[in-house]
Amino acid sequence: MAPTTPERTTERGRIRISGFDPDVVASREPLSSWTPELEATEGKGRLEYAWERFKRNRLALFGTGVIVFMVLLAVFARPIELPDSLPVLAGQVIQPFSLAPVSPGTQDLINAHNPPTLENLAAWPPSPLGIFGTDWAGRDLFSRVIYGGRWSLSIGFIAVAVALFIGIPLGSIAGYYGGKIDEAIMRVVDMLYAFPFIVLAIAVIAILGRGYWELVLALVAVGWLPYARIIRGEILSVKENEYVAAAKALGATDRMIIIRHILPNAMAPVIVQATLSVGTIVLAAAALGFIGLGLSPASAEWGVMLNVEQDSIARGRWWAGVFPGLAIFTFVMAINLLGDGVRDAFDPQGDRTGSGGMR
Amino acid sequence: MSLQRFVLKRGLLTIPLLLGVTLFTFGMVHAIPGDPIDFITLFAELDAETEAEIRAQYGLDKPVYIQYIDWVLNAAQGDFGKSIVTRRPVATEILNRLPYTLLMGSMAFAIAIITAIPSGIVAAYYRNTTVDQISRVFALIGVALPNFWLGLILILVFASWLNLFPVLPPTDRGLLSQDMIIYTLLPAITIGTGSTALLMRLMRSSMVEELDKDYVRTARAKGLPERTVVQKHVLRNSLISVVTVAAIQIAFIISGSVVVEIVFSYPGIGRLLVDRVGNRDFPVIQALVLIIGVAVILANLLADVLYAYLDPRIRY
């Protein structure tokens, strides 16, 4: 691959000299207070080049747009109030908008399993039963699907963030110090890698029980592995650079060297993996919800919604199953497009269609 | 390095891994807060004598490391203890279910290979044409589709609307009956789709890479028919990486089967695992997690050995 060349400019070199005018020098008063100004413009960093490539990738931009749209839908689905446990601000509404026509928990048993019809869709004011139909308890599926994004998306982003906080330090320590610490950490990683993603998560849930944070923890227990592996490999290659030796010679501590000098140069593959992982995690959370080991059956999480409607779908009530699944699919697809775009932006060579961080 | 030495070296490396997996599976149960005896007796009130008896029966009166060694030695002989829920030997329960999962998994694997390799070849040969674009879109969709949702949609369309398949598996007809094999097509397709998408793209990219190499130009220049160039030269070299990744797909198919068996009410080990997590039947959970972990380690070993066999450069 040809090395990436900076944008062509007519200026020579990277230092631009401004404010220099030979005429001024010639005609100035000898004792004026004027001093020449030298201004250095910095070369573009890796991030800027990556961002420029990313901006041109229409598929990735489309994916980003879809993700932003889904996040906004979830945030503005129902008003958000501060929890009652807060002393002064309890019950304060911090988000007053409500895109969902009814609360996701509102039951209306007379209208159970109403299919979405064109009549309802055209009705004005819009009927709550119009867009996606209702589920077995007469709850509006449209409200549930957009509200359900709060569960699925928050689980995805939180679990990846926590996994990064575990994987990066452990991988850095293993890669930087090597020796016995490296052996110990990487053997644990290898051992956990022997279990397929969902099986390991099930094992953790078997120990912890069910619930929101239990689910996040189970996904983190599996999710940190790739970061530890990637960052260790990157550090092994980065730490041989002269600037690391120079920093050491100047008396920088190990922690400073890792955080200031090594990590910024080793982050690109981690960012790519983290982006793709959000999709994998959302998919896994929905799968766990579907097999009944995720959130409670009453919650509007997309996988759980498919679980409770499993029998109705087999009886031909398509709307109960199509929409929650479509939400999962759309989100994971958008994340994969974004992740592929991020990878191509950091590493323009190669042609690998998103594996979605799957193993 | 000869192949035998490579296999031996690689095989020795899996031993600590296998030990780690047994430690994890054993430690898993001991990480649960509370006394393991409560899970056996389901929190019944016991007098001291009965409790001591039960402890002795399950080996809970011995130190933990002895329990571990006993457990590993018994597991190695196929004795995983008794299920807490059904009080039957765990090994029997698993053996009743395993053939179904193996049938479904091997069909999924076959479907993935049969569809992925030819379509990957076509996409690579006609790269950057409409055919290639279609395969790219299919791959993007196939990777992002939640397999349980795909399964539900297949049931809806083929079982409910078209009535081509029964909604529930015809388990009473026996494992290898025609009905069962036909029914298993649906879950197998469901699991295979993700693998197909991955393998197809891998086949494409590794073949595109080979097609650009000098020996291909040489072969064409000396006037070999295109068919020979592709079949004898390009295909063989580009299949190497696909074969090894296909072996790793075994793990992917196992994890797929856990979820898909729930969708299709399929009587395999995945559904057994999920059911028993609900009941906290730890001997069964332990045994299944151990078996799956060992199976994945062996699949990875197989992939490495296959790679070394097909591409001798790897051995050094």
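Within every chain, numbering begins at 1; the chains are lettered A, B, ... in the order of the sequence lines, protein sequences first and strands thereafter.
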K.L.:
Can you name the closest pair of heavy atoms from Arg136(B) and Leu59(A) and give their distance?
P.N.:
NH1-CD1, 4.3 Å
K.L.:
As an exercise, state the distance from CG of Leu273(B) to CD1 of Ile198(A), rounded to the nearest 0.5 Å.
P.N.:
10.5 Å
K.L.:
Quick check on Val245(B) against chain A: is it the side chain, the backbone, both or neither that has a heavy atom closer than 4.5 Å?
P.N.:
neither
K.L.:
Specify the closest pair of heavy atoms between Phe148(B) and Leu283(A), including all atoms of both residues, with the distance to one decimal.
P.N.:
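Taking every non-hydrogen atom into account, CE2-O, 4.2 Å.
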K.L.:
List the residues meeting ring-ring contact (aromatic ring centres under 6.0 Å, His included) with Trp149(B), not counting sequence neighbours, and say none if there are none.
P.N.:
none
K.L.:
Using non-hydrogen atoms and a 4.5 Å limit, figure out which bit of Leu288(B) sits close to chain A: side chain, backbone, both or neither.
P.N.:
neither
K.L.:
Under a 4.5 Å heavy-atom cutoff, which of Ile155(B), Val289(B), Asn147(B) has the most pairs with chain A?
P.N.:
Val289(B)
K.L.:
Can you confirm whether Leu140(B) sits close enough to Asp340(A) that some side-chain heavy atom of one is under 4.5 Å from a side-chain heavy atom of the other?
P.N.:
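When only atoms from C-beta onward are counted, Asp340(A) and Leu140(B) do touch, with a gap below 4.5 Å.
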K.L.:
Please classify the contact of Val322(A) with chain B as side chain, backbone, both or neither, using a heavy-atom distance under 4.5 Å.
P.N.:
both
K.L.:
Could you report the tightest heavy-atom contact between Pro146(B) and Gly325(A), atom names first, then the distance?
P.N.:
CG-O, 4.4 Å
K.L.:
Tell me, for Leu152(B) versus chain A, whether the close heavy atoms (under 4.5 Å) come from the side chain, the backbone, both or neither.
P.N.:
both
K.L.:
To the nearest 0.5 Å, what is the distance between CE (Met28(B)) and CG (Leu200(A))?
P.N.:
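With rounding to 0.5 Å, CE (Met28(B)) is 9.5 Å from CG (Leu200(A)).
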K.L.:
Taking all atoms of both residues into account, what is the closest heavy-atom pair of Ala194(A) and Val296(B), and its distance?
P.N.:
O-CB, 3.0 Å
K.L.:
Got more than 12 heavy atoms from elsewhere within 6.0 Å of CH2, Trp224(A)?
P.N.:
yes
K.L.:
Are Phe252(B) and Pro196(A) packed together at the side-chain level, in the sense that at least one heavy-atom pair is separated by less than 4.5 angstrom?
P.N.:
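No - every pair of side-chain heavy atoms lies 4.5 Å or more apart.
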K.L.:
Given that the side chain runs from C-beta out, which part of Leu156(B) has a heavy atom under 4.5 Å from chain A: side chain, backbone, both or neither?
P.N.:
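Contact with chain A involves both backbone and side-chain atoms of Leu156(B).
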K.L.:
Tell me, for Leu208(A) versus chain B, whether the close heavy atoms (under 4.5 Å) come from the side chain, the backbone, both or neither.
P.N.:
neither
K.L.:
Would you check if Tyr193(A) and Leu17(B) make a side-chain contact, meaning some heavy-atom pair closer than 4.5 Å?
P.N.:
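No; the side chains remain at least 4.5 Å from each other.
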K.L.:
I'd like to know which of Gly20(B), Gly278(B), Gly256(B), Ser265(B) tops the heavy-atom pair count under 4.5 Å against chain A.
P.N.:
Gly20(B)
K.L.:
Side chain, backbone, both or neither: which part of Ile285(B) has a heavy atom under 4.5 Å from chain A?
P.N.:
side chain
K.L.:
To the nearest 0.5 Å, tell me how far Asn336(A) CG sits from Ile141(B) CD1.
P.N.:
12.0 Å
K.L.:
If the test is side chain to side chain contact (heavy atoms under 4.5 Å, CB included), which one of Val259(B), Ile292(B), Val277(B) qualifies with Ile202(A)?
P.N.:
Val277(B)
K.L.:
Among Ile254(B), Val208(B), Leu145(B), single out the residue with the greatest number of heavy-atom pairs under 4.5 Å to chain A.
P.N.:
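When all of Ile254(B), Val208(B), Leu145(B) are compared, Leu145(B) has the most.
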K.L.:
CG of Leu13(B) to CG of Asp190(A): how many Å apart, nearest 0.5 Å?
P.N.:
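Output value for this atom pair is 9.5 Å.
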K.L.:
Describe, in one word, how the ring planes of Phe24(B) and Phe195(A) are oriented to each other, choosing from parallel (under 30°), tilted (30 to 60°) and perpendicular (over 60°).
P.N.:
tilted
K.L.:
Measure Ile291(A) against the heavy atoms of chain B and call it side chain, backbone, both or neither at under 4.5 Å.
P.N.:
both
K.L.:
What do you reckon, is CZ of Phe69(A) surrounded by more than 12 foreign heavy atoms closer than 6.0 Å?
P.N.:
no
